[in-house]
2 protein chains.
Amino acid sequence: MSVEERTDQILDAVERLLGRGGISAVTMRAVAAEAGVSLRLVQYYGSSKDDLLSAALERLSSRSVDAWTGEATPDSVRECLVSFMLAALPTDDASRALHRVGVSREVLAITGHPAAATAYRLHLTRIQNLIVDQCLRADPAVSPSRAAELAAQAMSLVHGLGSLLMIDHLTADQARSAVQNFDANLS
Amino acid sequence: MSVEERTDQILDAVERLLGRGGISAVTMRAVAAEAGVSLRLVQYYGSSKDDLLSAALERLSSRSVDAWTGEATPDSVRECLVSFMLAALPTDDASRALHRVGVSREVLAITGHPAAATAYRLHLTRIQNLIVDQCLRADPAVSPSRAAELAAQAMSLVHGLGSLLMIDHLTADQARSAVQNFDANLS
DNA sequence: GTATCAATGATACGAACGTATCAACAGTCG
DNA sequence: CGACTGTTGATACGTTCGTATCATTGATAC
């Protein structure tokens, strides 16, 4: 097995653990068990735990940004925002896993871990820029600052709705109708 | 020092640690150091760590609900929602501490800790009921289900805005204007 | 063949945690 | 006075974590 394959195998295991139990579920031993390899191997390829986590989070961030970039280009700002929000809403296993990872990163960032904070900020900025680009492509007439403002509001709303959705304080339909309501009130 | 005073002294220490570093910052030894007492004393009054955390979180939840209940009663649904959102926005140290605690509870709830999940759900339901009650008192004409829907949307938005605010992805003014925008679009 | 070096596995080490144990002290009732 | 009970303190135990160490294997160059 090549180096890249081994690395992917281990990062895949980290990703699964992250999506299932958040950052606290990622221990070197748990990664080894999840990947079906020995602890020494995880050390060998991921050097330290921080490196391993950083690599997995970076890969996860890039991958979701790339996946989203390839989506069909919307033809209006409203459609752009609404399709992002509906896709980001944690209504299936994949998006629920992403939400767990995001909240884990958030709690690390706001409880005094500077490196995690800057990495998480970068991640959010990438997502926001992605939305802004799509909005501007859909409607070049809208101002970039206005697009950024709307993107931030959409990200906030979908994050909050996702949090309430994850613990079943909201149903998926209620969350979707809140998104539609936000959309309907866009000028 | 009486039993109640000792208990308060220790729970106060837990609360400070929670607000500063989230749940992971609460260790028996850290609580002892923060309260200025010995580890044995923390064990003596808080029996187990779970009991200690549960008691502190319950006290914190009740206290914030009570504090909010005593506020001036608004005279419209919109004013009720907006005053809640502006107050809940983490723009000062106290509300930022509360946001840290909330996100910590969330991450525990969504990563497979059933007891934390039900306790957190209960907490959110209490807050929602509080908002609904105030809305109905402000305008008895509005339907309870509509008030609950609006309360959930307000909670979602303020939670999401708070998350972006905490890591400085948003400024306080941007968050406030998003709240005003949400308010302006209420029917 | 064998020397060499990267890859892999088993195990050990120190730190931090929750919790338990044992000792010292203070107040109270007989 | 003395026995007892509840409170406080110091320390130890077992577990889990990240990491380090040591040994073994397998391929490749000479």
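These numbers come from the heavy atoms of this one structure, side chains and all, not from hydrogens, waters or symmetry mates. Within every chain, numbering begins at 1; the chains are lettered A, B, ... in the order of the sequence lines, protein sequences first and strands thereafter.
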Legend entry - Rounded interatomic separation in angstrom, taking CG from B:Leu52 and P from C:dC17: 15 Å
Inset, instruction - Provide, to the nearest angstrom, the distance between the CG atom belonging to B:Leu41 and the P atom belonging to D:dA10. - result: 11 Å
Inset, instruction - Write down the distance between CG (B:Leu53) and P (C:dG18), rounded to a whole number of angstrom. - result: 9 Å
Legend entry - B:Asp66 bridged to B:Arg63 by N-O distance under 4.0 Å: no
Inset, instruction - Taking only the side-chain heavy atoms of B:Ser38 (C-beta and beyond), determine which of D:dG6, C:dT8, D:dG9 contains the nearest atom. - result: D:dG9
Legend entry - Separation of atom CD in B:Glu5 from atom P in D:dT7, rounded to whole Å: 14 Å
Inset, instruction - Between D:dT8, C:dA10, D:dT19, spot the one nearest the side chain of B:Arg40, thanks. - result: D:dT8
Legend entry - Interatomic distance, B:Ile131 atom CD1 to B:Leu81 atom CG [nearest 0.5 angstrom]: 7.0 Å
Legend entry - Partners meeting side chain to side chain contact (heavy atoms under 4.5 Å, CB included) with A:Gln128 (sequence neighbours left out): A:Val132, A:Ala148, A:Ala151, A:Ala152, A:Met155, B:His169
Inset, instruction - With DNA chain C as reference, determine whether B:Leu39 or A:Leu39 sits nearer its 5' end, using the nearest nucleotide of each. - result: A:Leu39
Legend entry - Nucleotide D:dT11, atom P - distance to CD of B:Gln43 in whole Å: 15 Å
Inset, instruction - Output yes when at least one side-chain N/O atom of B:Tyr45 is less than 4.0 Å from OP1 or OP2 of D:dT8, else no. - result: yes
Please list, one pair per line, the donor and acceptor atoms closer than 3.5 Å that link side chains of residues 17-25 of chain B to other protein atoms, with sequence neighbours excluded.
| residue | atom | partner | partner atom | Å |
| --- | --- | --- | --- | --- |
| B:Arg20 | NH1 | B:Glu34 | OE1 | 3.4 |
| B:Arg20 | NH2 | B:Glu34 | OE2 | 3.2 |

Inset, instruction - Please check the phosphate of D:dT7 (OP1 and OP2 only) for any side-chain N or O of B:Tyr44 closer than 4.0 Å. - result: yes
Legend entry - Any side-chain donor near an acceptor of the partner, B:Arg40 and B:Gln43, under 3.5 Å: no
Legend entry - Base partner of D:dC30, which must satisfy Watson-Crick or wobble distances under 3.5 Å: C:dG1
Legend entry - Rounded distance in Å - CZ (B:Arg6) to C1' (D:dT8): 9 Å
Inset, instruction - Using a strict cut-off of less than 4.0 Å between a Lys/Arg side-chain nitrogen and an Asp/Glu carboxylate oxygen, indicate whether B:Asp12 and B:Arg59 qualify as a salt bridge. - result: yes
Legend entry - Side chain of B:Lys49 (C-beta onward), nearest among C:dT19, D:dA10, C:dT8: C:dT19
Legend entry - Carboxylate-amine/guanidinium contact A:Arg96 A:Asp93, below 4.0 Å: no
Legend entry - Contacting residues from residues 19-29 of chain A, given that a heavy atom lies under 4.0 angstrom of DNA chain D: A:Val26, A:Thr27, A:Met28, A:Arg29
